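Presented below is the structure to which this report refers.
Only heavy atoms go into these numbers, but all of them, side chains included; no hydrogens, no water, no symmetry mates. Please read these numbers as outputs of a predicted model, since none were measured by experiment. For reference, positions follow the sequence shown, starting with 1.
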Amino acid sequence: MLAAILLGAVLQAATAYRSALQQADALFDDHLRQVARTLRGGIPLGAALPEIEDDAGFDLYVQIWGQDGTQIFRSTRSALPPRAVLGFSDVEAHGKHYRVYSLQTPFQTVQIAQDLDARTARARALALRAVLPFALLTPLLMLAVWWVINRSLAPIERTRRQVAQREADDFSPLADAGLPDEVRPLVDELNLLFGRVRQAFDAQKNFVADAAHELRSPLTALKLQAQALRPNGRADQTPAEREAGIARLNQGIDRAIRLVEQLLVLAREEAGPGPAAPGANVLVDLQDVVKLAVADVLPHARLKQIDLGLTDEHLASAQVLGEPEALRVLLRNLLDNAVKYTPAAGRVDVSLELAQGRPLLRVEDSGPGIAAADRERVFDRFYRASGAASETGSGLGLAIVQAITERHGATLQLARSERLGGLQVSVTFPKSPSSI
């Protein structure tokens with residue numbers, strides 16, 4: 001702003017200076033013309049006037065010729081040549097420059113001249129007087145603008161200091177009092193960003209705390225089981241008891257491995273894919289995902305004699321935009337939970353259909369289901385529904401499913417299965433770009 005004001009003032013001053021010079025030149029020319037017209041009728045025909053002494057500051061030189069060309073008047077110390085060019089002309093004589101105006105009448109010829117250097121000096125003095133207000137007012141204007149801008153930006157500087165001085169874990173909103181209207185939307189968006197970061201930070205802290213708590217129990221159990229297998233344990237320990245202890249130890253190790261795997265999957269899914277994640281945002285055929293996920297869980301289902309399969313009448317061809325591996329993890333977790341909590345010789349069905357043009361993936365089981373009061377909380381980390389028959393779960397399966405569902409823009413719904421009497425999980429995906 002200050003540079004713009006200074007540049008504008010310089011340009012305006014230069015324009016005013018040039019205009020003042022032009023006006024001064026026009027004024028002096030008009031003065032010469034008026035003097036010549038005054039003298040054309042003031043000299044009697046044939047009268048010979050004596051030469052008059054010029055005043056030291058007099059810068060007009062006069063020459064008058066009669067009708068017959070006789071010079072009848074001439075200023076003292078005039079160095080003008082004894083000839084005249086009618087109208088305005090510039091004459092150089094004896095190293096000096098003159099501005100000359102000549103006027104001819106029926107009785108005489110009048111020539112008025114002016115020292116061009118003195119005239120230019122006086123014109124410049126007048127032009128400088130025209131520029132003087134700019135020289136005086138421009139610094140005052142720049143000072144006023146500097147003060148106004150600094151005063152207007154003071155709240156922004158205060159906000160900057162608040163951000164610079166706050167701690168890394170301080171996500172409190174920035175004060176927007178006194179901020180300019182143009183800056184307040186930016187501060188509001190920063191406060192919204194701080195809120196989102198605070199939520200993510202709190203979720204991460206809770207995740208670490210929950211993970212530490214959940215890992216403590218299986219690791220403690222592993223330690224006790226390992227101590228029970230030491231050679232200096234009970235002397236009357238039979239081989240069968242030792243084998244049972246080894247089996248319990250292996251189960252504990254498997255549970256710890258499963259818990260760590262679930263924790264890593266949940267952390268990866270909640271963080272979302274990176275900008276260069278392979279396979280991100282591609283068209284995925286859900287039929288292939290269903291077949292692969294069923295194949296993954298089928299051995300576990302056979303061990304419990306559970307009828308796991310696809311309902312062919314509801315296996316439509318559907319494509320969604322997403323990540324193939326993440327969708328496979330989603331369905332595998334749903335099937336794993338269904339098989340885990342369904343009693344032996346039960347049934348788990350998977351169906352895929354189109355509902356109003358949107359792919360609908362549904363998993364139903366004949367297990368105990370989830371009470372309506374627990375359906376909102378089962379998506380929390382490490383939460384297990386009341387009365388759950390299985391104690392081997394980590395409480396992370398549905399949390400992982402929800403994270404993947406939200407990232408794909410799908411909706412997740414829990415309900416009671418009307419066909420099998422257990423839990424029904426429905427995942428509705430948005431329409432794929434190819435079907436729009």
Side-chain angles (χ1 to χ4, degrees), residues 1-4 142-216 262-277 280-281 321-323 326 329-330 373-384 394-414 427-430:
M1 287 291 294
L2 296 181
M142 295 175 67
L143 182 62
V145 170
W146 174 81
W147 181 81
V148 169
I149 291 179
N150 276 354
R151 185 176 179 85
S152 301
L153 298 182
I156 302 178
E157 176 63 20
R158 183 178 66 249
T159 303
R160 186 198 66 81
R161 290 196 300 267
Q162 290 179 2
V163 176
Q165 295 173 1
R166 63 173 45 199
E167 299 295 333
D169 57 349
D170 183 6
F171 302 110
S172 58
L174 298 173
D176 59 355
L179 287 175
D181 294 338
E182 295 82 2
V183 181
R184 187 175 289 109
L186 174 61
V187 176
D188 292 341
E189 292 298 328
L190 284 176
N191 288 335
L192 293 177
L193 175 62
F194 286 157
R196 294 193 296 270
V197 173
R198 181 177 61 251
Q199 292 178 356
F201 191 73
D202 293 341
Q204 192 68 22
K205 289 197 300 184
N206 295 335
F207 176 80
V208 173
D210 293 342
H213 175 75
E214 290 294 324
L215 283 172
R216 186 180 296 114
Q262 293 283 74
L263 286 172
L264 294 176
V265 171
L266 179 60
R268 182 176 66 249
E269 296 302 330
E270 287 187 340
N281 294 327
L321 191 64
E323 304 166 60
V329 170
L330 180 149
D374 292 332
R375 288 175 186 170
E376 293 295 331
R377 297 198 58 194
V378 292
F379 298 107
D380 296 339
R381 303 186 187 108
F382 308 111
Y383 180 81
R384 297 181 181 87
S394 62
L396 294 175
L398 288 180
I400 294 173
V401 169
Q402 186 182 43
I404 298 175
T405 301
E406 291 177 350
R407 206 169 74 239
H408 285 78
T411 56
L412 183 64
Q413 184 179 8
L414 304 182
V427 182
T428 305
F429 294 90

Nearest heavy-atom neighbours spanning Ala175 and Thr159: O-OG1, 4.1 Å

Which atom of Leu321 lies closest to which atom of His408, heavy atoms considered: O-CD2, 3.9 Å

If you measure from CZ on Arg160 to CD on Gln165, what distance do you get to the nearest 0.5 Å? 8.5 Å

Could you tell me how the ring of Phe171 sits relative to the ring of Phe194: parallel (under 30°), tilted (30 to 60°) or perpendicular (over 60°)? tilted

On a heavy-atom basis, which atom in Gly409 and which in Pro430 lie closest, and how many Å separate them? O-CD, 3.5 Å

Does Asp170 have any side-chain hydrogen bond (donor to acceptor under 3.5 Å, both in side chains) partners at least two apart in sequence or in another chain, and if so, which? Ser172

Correct closest heavy-atom pair for Glu323 and Arg407 would be OE2-NH2, 2.6 Å

Euclidean distance, Leu193 CG relative to Arg198 CZ, rounded to 0.5 Å: 11.0 Å

Ignoring hydrogens, what is the shortest heavy-atom contact between Asn191 and Leu174? Give both atom names and the distance. OD1-N, 2.6 Å

Asp188 side, atom CG; Leu192 side, atom CG - distance, nearest 0.5 Å: 7.0 Å

The test is side chain to side chain contact (heavy atoms under 4.5 Å, CB included); show your working for Trp147 and Leu143 and say whether it passes. CA-CA 6 Å; Trp147 181 81; Leu143 182 62; 5.8 Å; no

Can you tell which of Thr428, Thr405, Ile404 makes a side-chain contact (heavy atoms from CB on, under 4.5 Å) with Leu412? Thr405

For residues Leu330 and Val401, report the shortest heavy-atom separation together with the two atoms involved. O-CG2, 3.7 Å

